[in-house]
Amino acid sequence: RDADGRYAVGLRLLELSALAPRGLGLREIAFPYLDDLHQTTRGNVHLAVRDGVEVVYIETMRVRMRHPISSRVGDRWPMHVSGTGLVLLAYGDPDLQERVLNGPLEKFTEMTVTDPRELRRKLAQIRRTGVAVARGQITLPDLVVAVPVHGPDGEVIAAISVVVEAERARPRELAAALKQVARAITRSLSARSASGAESGVG
């Protein structure tokens, strides 16, 4: 709490959040790959996990954009509007999908998809291709491409995305770069898991 009586996240809370299983280990492993992706694409890069029916950024790397959006560690978005959220929803269980699609679907722009039928088609396409591509869902001039990150057991544990201005976007190239990074993160997670198992660390 500051001198004006306003509350802000303190260092202790950030430390505690970093100790969460989906936080510290995943962020540490993913960081160098995300940094390379950030340098290559010059877009906003996000690493996100699901919390309930929301997606939460656990790592972000930002660039200056003409129409900036909130893109900080700890930011939360409805799953149906963000690229990472769509990926995690597509690979989520049917009960989760029904909860999201039958619940209130907030509209951020005129292009935000809020029709459950259209969202179901989009989720099916994401499962087929392994890529989410969405334009203008939160800010009209921007396009996001996102892919899943798999854990050592093959389960989707997170998603990564790149947000760029739509007029300069090359979705196929972004998707290829994202998939390469996701595979590298998965390999590193698997290597750490195997190392822990061999040393007897739970």
### Message
Salt bridge or not between R42 and E165? Use side-chain N to carboxylate O under 4.0 Å.
### Response
no
message: Side chains of L96 and V53, heavy atoms from C-beta outward: is any pair under 4.5 Å?
response: yes
Of all heavy-atom pairs linking T84 and I160, the shortest is CG2-C, 3.9 Å
Under 3.5 Å, is there a donor-acceptor pair linking the side chains of S161 and H46? yes
Taken to the nearest 0.5 Å, the spacing of H80 NE2 from D115 CG works out to 11.5 Å
### Query
Got L26 and L47 here, is their nearest side-chain heavy-atom distance under 4.5 Å?
yes
dist L37:CG -> Q180:CD (nearest 0.5 Å) comes out at 9.5 Å
side-chain contact (heavy atoms from CB on, under 4.5 Å) for V87 and V149? Distances and angles first, verdict last. CA-CA 10 Å; V87 166; V149 175; over 6 Å; no
On a heavy-atom basis, the closest approach of G43 and V164 is CA-CG1, 3.9 Å
So ring-ring contact (aromatic ring centres under 6.0 Å, His included) across residues 132-169, not counting sequence neighbours, yields none
Quick note, salt bridge (Lys or Arg N to Asp or Glu O under 4.0 Å) partners involving residues 120-135, not counting sequence neighbours, are E98-R120
Taking every heavy atom of L86 against every heavy atom of A132, the minimum-distance pair comes out as CB-CB, 4.4 Å
Tightest non-hydrogen contact, residues T60 and V73, listed as OG1-N, 3.8 Å
Out of curiosity, does V133 fall in the hydrophobic cluster containing L140 (side-chain heavy atoms, cut-off under 4.5 Å, transitive links)? no
CG (L101) and CD (E118) are apart, to the nearest 0.5 Å, by 11.5 Å
T139 side-chain N/O to P141 backbone N/O, donor-acceptor pair under 3.5 Å: no
| query | In terms of side-chain heavy atoms, does Y33 have a donor or acceptor partner in S188 at a distance below 3.5 Å? | reply | yes
S190 and P152 have their tightest heavy-atom pair at OG-CA, 3.5 Å
- Message: Test your reading of the model: is there a side-chain donor-acceptor pair from R50 to the backbone of L89, 3.5 Å cut-off?
- Response: no
When rounded to the nearest 0.5 Å, the distance separating CD of E54 from CG of D75 is 11.0 Å
In terms of heavy-atom contacts, A182 and P148 come closest through CB-O, 3.4 Å
Practice problem: Start with the C-alpha gap between V162 and N44, add the side-chain angles, then the distance that decides, and say whether side-chain contact (heavy atoms from CB on, under 4.5 Å) holds. | Solution: CA-CA 5 Å; V162 174; N44 282 3; over 6 Å; no
**Request:** Please lay out, stage by stage, how D36 and V181 fare under the test side-chain contact (heavy atoms from CB on, under 4.5 Å).
**Result:** CA-CA 9 Å; D36 287 344; V181 167; over 6 Å; no
Please tabulate, for the side chains in residues 104-113, all donor-acceptor contacts under 3.5 angstrom to protein atoms that are two or more places apart in sequence or on a different chain.
from	atom 1	to	atom 2	distance (Å)
K107	NZ	T112	O	2.8
T109	OG1	M111	N	3.0
T109	OG1	T112	N	3.3
T109	OG1	T112	OG1	3.4
T109	OG1	G136	O	2.4
T112	OG1	F108	N	3.1
T112	OG1	T109	N	2.9
T112	OG1	T109	O	3.3
T112	OG1	Q137	O	2.6

Test log, rule salt bridge (charged side-chain N to carboxylate O under 4.0 Å, His left out), inputs E59 and R72
CA-CA 8 Å; E59 186 61 85; R72 297 169 298 185; over 6 Å; no
In this structure, OG1 of T40 is separated from NE2 of H38 (nearest 0.5 Å) by 10.0 Å
Go through it in stages, so that I can follow the logic: the residues are I138 and W77, the test is side-chain contact (heavy atoms from CB on, under 4.5 Å), and I'd like the CA-CA distance, side-chain angles, deciding distance and then a yes or no. CA-CA 10 Å; I138 298 176; W77 292 98; 3.8 Å; yes
The reported gap from OG in S82 to CG in L88 (rounded to nearest 0.5 angstrom) is 8.0 Å
Side chains of V100 and L119: closer than 4.5 Å at any heavy-atom pair?
no
Check: Do the side chains of I29 and V56 join up, straight or via other hydrophobic residues, at under 4.5 Å, putting them in one cluster?
Finding: no
